[in-house]
There are 2 protein chains.
Amino acid sequence: MIKNDIALTIENNSELNRAKSLLMVETILNALKKSLSEDEKIEIRGFASLRVVSKKTGYGRDIRRKKQIKIKQGKRIKFRPGQDLKNLSS
Amino acid sequence: MIKNDIALTIENNSELNRAKSLLMVETILNALKKSLSEDEKIEIRGFASLRVVSKKTGYGRDIRRKKQIKIKQGKRIKFRPGQDLKNLSS
DNA sequence: GAGAGCAATATCGTTCTTGATCATGTCCTT
DNA sequence: AAGGACATGATCAAGAACGATATTGCTCTC
C-alpha cells in the first residue's frame with residue numbers, strides 16, 4: 001500500500017475529490033512530522049505509538065574499508081504496535 | 001498527539017465536520033491494518049514504511065519466576081522512518 | 001511512460017529490542 | 001467527572017537492529 005492508496009481511501013469515504021484527498025494525506029503527515037519534531041509523542045490507541053528517543057550508538061562500519069567509523073549522535077523514532085496490530089501479527 | 005488531534009487536523013483542512021473527520025481517521029487506520037494483515041507492506045515516501053516480518057526469537061523471560069519461557073512464533077511489524085523523519089530526528 | 005528520487009540490500013560489532021506480566025499512569029467514553 | 005480500557009515501565013538474556021554507503025530496483029512526478 002502506498003500513499004495514493006490512502007488518498008483513494010479518503011476519496012471513497014468522504015466528499016473530497018482526489019486532489020483534496022491527496023492534500024489531506026499530506027496535511028496529516030505534516031502534522032505528525034511536526035508533532036514528532038517538537039518532541040511530542042504520538043499515541044493512536046488501537047494502532048500504534050511513536051516517540052522520539054535519543055540514540056546512544058556512537059559508531060558505525062564502513063563496509064568497503066572494513067573498519068569502524070564515528071557516527072554523530074542524534075535521535076531515533078521508536079515505533080510500538082498497538083493492540084490491534086499485535087493481534088493481527090501474533 | 002492523539003487520535004482526536006489528527007481528526008482536528010482533518011476538520012481544519014477539509015469540508016468535513018468533527019464526526020466525519022473522526023470516522024475518516026478510523027477508515028484510514030482500518031485500511032492500514034487490513035493492508036498489513038494481508039501481509040502487504042506500507043510505503044509512504046518521505047514519511048515511513050511499515051512491513052510485516054516473521055519473528056525469530058523463540059524465548060522470553062518470566063520476571064517473577066526469573067526463568068526463561070517459551071514464546072510462540074509469529075510476526076512482527078517493522079517500522080522504518082523515511083527521509084523527512086530521519087532529518088528531523090538526526 | 002521516462003526520468004528522477006527514494007527504498008532495499010549487504011556488511012559487522014556494539015547496543016538495543018523482544019517477550020510475559022503486574023502495577024501504574026494516561027486516555028476515552030458515558 | 002469517573003470509571004473502564006489501554007499504554008507504559010521494569011525486568012534479563014540472547015538474538016536482532018542500528019549505523020554508512022553505493023548499487024539496484026521500485027515508486028512517484030511530469
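Predicted model, so just to flag it, every value in this text is computed and none were measured. Just so it is clear: chains get the letters A, B, ... in the order the sequence lines come, proteins before strands, and each one is counted from 1.
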Engineer: Out of the candidates A:T9, A:D5, A:I10, only one should pair with A:V25 under the side chain to side chain contact (heavy atoms under 4.5 Å, CB included) rule; please name it.
Structural biologist: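 When A:T9, A:D5, A:I10 are each tested with A:V25, the side chain to side chain contact (heavy atoms under 4.5 Å, CB included) holds only for A:I10.
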
Engineer: Measure from CG on B:D84 to C1' on C:dA7 and round the result to the nearest Å.
Structural biologist: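 B:D84 atom CG is separated from C:dA7 atom C1' by 14 Å.
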
Engineer: Measure from NZ on A:K78 to C1' on D:dA17 and round the result to the nearest Å.
Structural biologist: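 Taking NZ of A:K78 and C1' of D:dA17, I get 13 Å after rounding.
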
Engineer: Can you tell me the distance, in whole Å, between the CG atom of A:L85 and the C1' atom of D:dC6?
Structural biologist: 14 Å

Engineer: Side-chain contact test, heavy atoms from C-beta onward, threshold under 4.5 Å: evaluate it for A:I28 versus B:M24 and give yes or no.
Structural biologist: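 Contact flag for A:I28/B:M24 side chains = no.
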
Engineer: A:R51 CZ to C:dC16 C1': how many Å, rounded?
Structural biologist: 14 Å

Engineer: What is the separation between atom CZ on A:R80 and atom P on D:dC6, rounded to the nearest whole Å?
Structural biologist: 15 Å

Engineer: Mind calculating the distance between CD1 (A:I69) and P (C:dT14) to the nearest angstrom?
Structural biologist: 14 Å

Engineer: Should A:Q83 be listed as having a side-chain N or O under 4.0 Å from OP1 or OP2 of D:dA7?
Structural biologist: yes

Engineer: Walk me through it: do A:K33 and B:L85 pass the test side chain to side chain contact (heavy atoms under 4.5 Å, CB included)?
Structural biologist: CA-CA 7 Å; A:K33 288 175 195 169; B:L85 283 191; 4.0 Å; yes

Engineer: Is any side-chain heavy atom of B:M1 closer than 4.5 Å to a side-chain heavy atom of A:L32?
Structural biologist: yes

Engineer: Roughly how many Å is it from CD1 in B:I77 to P in D:dA16, rounded to a whole number?
Structural biologist: 18 Å

Engineer: Could you pull out the protein-nucleic contacts involving nucleotides 23-30 of chain D (nitrogen or oxygen on both sides, under 3.5 Å)?
Structural biologist:
residue, atom, partner, partner atom, Å
D:dT27, O4', B:R45, NH2, 2.7

Engineer: Heavy atoms, side chains only, cut-off 4.5 Å: are B:L36 and B:K41 in contact?
Structural biologist: no

Engineer: Identify which nucleotide among C:dA8, C:dT18, D:dC18 has an atom closest to any side-chain atom of B:R76, counting heavy atoms from C-beta outward.
Structural biologist: C:dT18

Engineer: Whole-Å distance between D:dC18 P and A:F79 CZ?
Structural biologist: 13 Å

Engineer: Please tell me if the side chains of A:R76 and A:V52 come closer than 4.5 Å, counting only heavy atoms from C-beta onward.
Structural biologist: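 Not in contact.
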
